[in-house]
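Since the structure comes first, as structure tokens, the remarks are kept for the end.
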There are 2 protein chains.
Amino acid sequence: MCADTPDFARALKEAGLRVTQQRVTVMSVLMDCGDHPNADEVLARAKGVDDSISLATVYRTLASLEEAGIIRKLAIENAPARYESTPAAEHDHIVDIDTGEVIEIASDEINLLREKIVQQLGYDIISQTTLIRARKRG
Amino acid sequence: MCADTPDFARALKEAGLRVTQQRVTVMSVLMDCGDHPNADEVLARAKGVDDSISLATVYRTLASLEEAGIIRKLAIENAPARYESTPAAEHDHIVDIDTGEVIEIASDEINLLREKIVQQLGYDIISQTTLIRARKRG
DNA sequence: TTTCGTGCAAAAATTTTGCACAAGC
DNA sequence: GCTTGTGCAAAATTTTTGCACGAAA
């Protein structure tokens with residue numbers, strides 16, 4: 001599911017970004033196929049790899065990677081933004097309102113439907129995010 | 001499209017909230033069927049009705065009304081949260097990335113589809129929001 | 001009259017930025 | 001060597017909170 005030999009340096013170069021240790025570190029944290037960390041959590045994990053990295057750099061790196069389309073930012077109600085590596089297949093997110101856990105769900109059909117509607121309105125989709133706040137049954 | 005004789009006091013009582021001038025003012029601003037103002041904008045409009053209202057009260061009122069399900073909060077990337085009166089029919093939002101304008105689109109089919117998927121995962125939907133960042137074509 | 005809401009100002013939380021230095025190309 | 005990125009600390013932005021007073025029930 002994860003790329004087994006991820007070449008972060010190459011991805012950065014292709015995006016026209018300078019290859020720095022900090023950017024590679026942040027990428028490795030986010031590409032590590034797990035959850036959807038916020039900036040603080042990215043910093044904490046990055047510090048595990050490179051203790052000298054700063055929060056300012058994390059924010060700047062997240063912004064650059066987002067702009068390059070390498071990662072995605074999820075705006076969440078009443079909580080700091082979370083980040084994920086840009087998924088190959090589009091998906092939506094369930095936020096468990098009790099645990100805060102974020103679960104991904106596939107949404108191919110949904111997105112096709114939506115794309116059609118948006119196109120009809122004369123818009124081109126740049127990005128889209130669905131957040132479903134939900135509670136586990138029973 | 002808008003309720004023609006909105007009884008904000010009644011809605012507040014039914015939600016178990018005390019009826020204050022400030023809450024009625026904020027409700028009237030948000031029920032006024034227009035766009036999706038952020039807290040600052042709500043304050044500015046509310047001041048048109050009652051100049052003494054404060055930003056702190058606006059935030060507290062927005063939080064109460066949201067908790068009561070009367071209004072909804074939209075978390076937006078790289079921008080302050082926006083608010084809307086809870087819609088009768090669920091809809092998604094397009095954010096025009098050039099103008100910041102927010103456009104509503106119907107999403108009944110989409111939501112049915114999504115609800116089915118979420119149910120299958122053992123969750124009940126509390127609320128859902130879709131934000132589509134898009135750019136006007138041509 | 002008792003409880004709850006409000007305004008103000010101060011604080012918290014998250015994110016951004018100026019500047020001097022370090023690192024990439 | 002020139003350009004860009006980084007760390008630090010300070011600032012900007014958005015949102016929350018303590019407290020004394022005022023309004024609602």
Side-chain angles (χ1 to χ4, degrees), chain A residues 7-30 36-44 46-47 49-68 70-83 100, chain B residues 7-30 36-44 46-47 49-68 70-83 100:
Chain A
D7 190 341
F8 301 136
R10 163 158 303 168
L12 285 168
K13 272 179 208 148
E14 279 170 4
L17 294 171
R18 206 174 262 198
V19 179
T20 67
Q21 191 186 314
Q22 291 88 339
R23 284 181 182 158
V24 171
T25 300
V26 168
M27 283 186 75
S28 71
V29 163
L30 277 168
H36 303 74
N38 61 32
D40 262 350
E41 291 164 347
V42 171
L43 176 66
K47 276 199 188 272
V49 182
D50 166 8
D51 187 54
S52 71
I53 196 170
S54 74
L55 185 56
T57 293
V58 166
Y59 272 111
R60 281 188 279 230
T61 302
L62 290 172
S64 302
L65 296 179
E66 191 199 1
E67 194 173 18
I70 295 171
I71 65 170
R72 234 165 46 159
K73 183 175 182 177
L74 307 175
I76 301 191
E77 262 180 55
N78 309 319
R82 295 180 168 278
Y83 298 84
Chain B
D7 190 341
F8 300 136
R10 161 158 305 165
L12 286 168
K13 274 180 205 146
E14 279 170 4
L17 293 171
R18 202 175 267 198
V19 180
T20 67
Q21 189 187 315
Q22 291 88 339
R23 283 180 183 158
V24 171
T25 300
V26 169
M27 283 185 76
S28 72
V29 164
L30 278 167
H36 303 74
N38 61 32
D40 262 351
E41 292 163 347
V42 171
L43 176 67
K47 276 199 188 272
V49 182
D50 167 10
D51 187 54
S52 71
I53 197 170
S54 74
L55 185 56
T57 293
V58 166
Y59 272 112
R60 281 188 280 230
T61 301
L62 290 171
S64 303
L65 296 178
E66 191 199 1
E67 193 172 20
I70 295 172
I71 65 168
R72 235 165 46 158
K73 182 177 184 176
L74 306 175
I76 302 192
E77 263 180 53
N78 311 321
R82 294 179 169 277
Y83 299 84

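Excluded from the calculations below are hydrogen atoms, water molecules and symmetry mates; all remaining heavy atoms, backbone and side chain alike, are included. Residue numbers start from 1 in every chain, and the chains themselves are labelled A, B, ... in the order their sequence lines are given, proteins ahead of strands.
Shortest non-hydrogen contact noted between L30(A) and P37(A) is CD2-CG, 3.8 Å. The two residues H36(A) and R82(A) make their nearest non-hydrogen contact at O-NH1, 2.5 Å.
Positionally, the nearest nucleotide of DNA chain C for N38(A) lies more toward the 5' end than for the other of N38(A) and K13(A).
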Side-chain donor/acceptor pairs under 3.5 Å, residues 17-24 of chain A, sequence neighbours excluded:
{"unit_1": "T20(A)", "atom_1": "OG1", "unit_2": "R23(A)", "atom_2": "N", "d": "3.1"}
{"unit_1": "Q21(A)", "atom_1": "NE2", "unit_2": "D50(A)", "atom_2": "OD2", "d": "3.2"}
{"unit_1": "R23(A)", "atom_1": "NH1", "unit_2": "R18(A)", "atom_2": "O", "d": "2.9"}

> Could you write out DNA chain C as a dot-bracket string, with dots for unpaired bases, | for bases paired across to another strand, and Watson-Crick or G-U pairs counted at under 3.5 Å?
Replying inline: |||||||||||||||||||||||||

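Rounding to whole angstrom units, CG of residue L62(B) and P of dT17(D) are separated by 15 Å. To the nearest angstrom, P of dT16(D) lies 12 Å from CD of E67(B). Atom CG in D40(A) sits about 13 Å away from atom C1' in dA12(C), given to the nearest Å. Atom P of nucleotide dT15(D) and atom CD1 of I76(A) are separated by 15 Å, given to the nearest angstrom. Rounded to whole angstrom, the span from the CD atom of E41(A) across to the C1' atom of dA13(C) amounts to 15 Å.
A81(B) is linked by a side chain to side chain contact (heavy atoms under 4.5 Å, CB included) to K73(B), Y83(B), counting only residues two or more places apart in sequence or in another chain. Applying the side chain to side chain contact (heavy atoms under 4.5 Å, CB included) rule to A11(A) yields the partners M27(A); only residues at least two apart in sequence or on another chain are considered. Listed by chain and number, the residues in a side chain to side chain donor-acceptor pair (under 3.5 Å) with R60(A) amount to none (sequence neighbours excluded).
A81(A) comes within 4.0 angstrom of sugar-phosphate atoms only, judged by non-hydrogen atoms across all strands, and of no base.
One distance of note links CG of N38(B) with CG of L43(B); it measures 10.0 Å at 0.5 Å rounding. One finds the OG1 atom of T61(B) at 12.5 Å from the CD atom of E66(B) (value rounded to the nearest 0.5 Å). Note that the CG atom of L12(A) and the CG atom of D7(A) stand 9.0 Å from one another [nearest 0.5 Å].
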>> Across nucleotides 1-9 of chain D, 5' to 3', mark each nucleotide with B, S or - according to how protein heavy atoms within less than 4.0 Å reach it.
In response: --BBSBBB-

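Residue Y59(B) places no side-chain N or O under 4.0 Å from the OP1 or OP2 atom of dT16(D).
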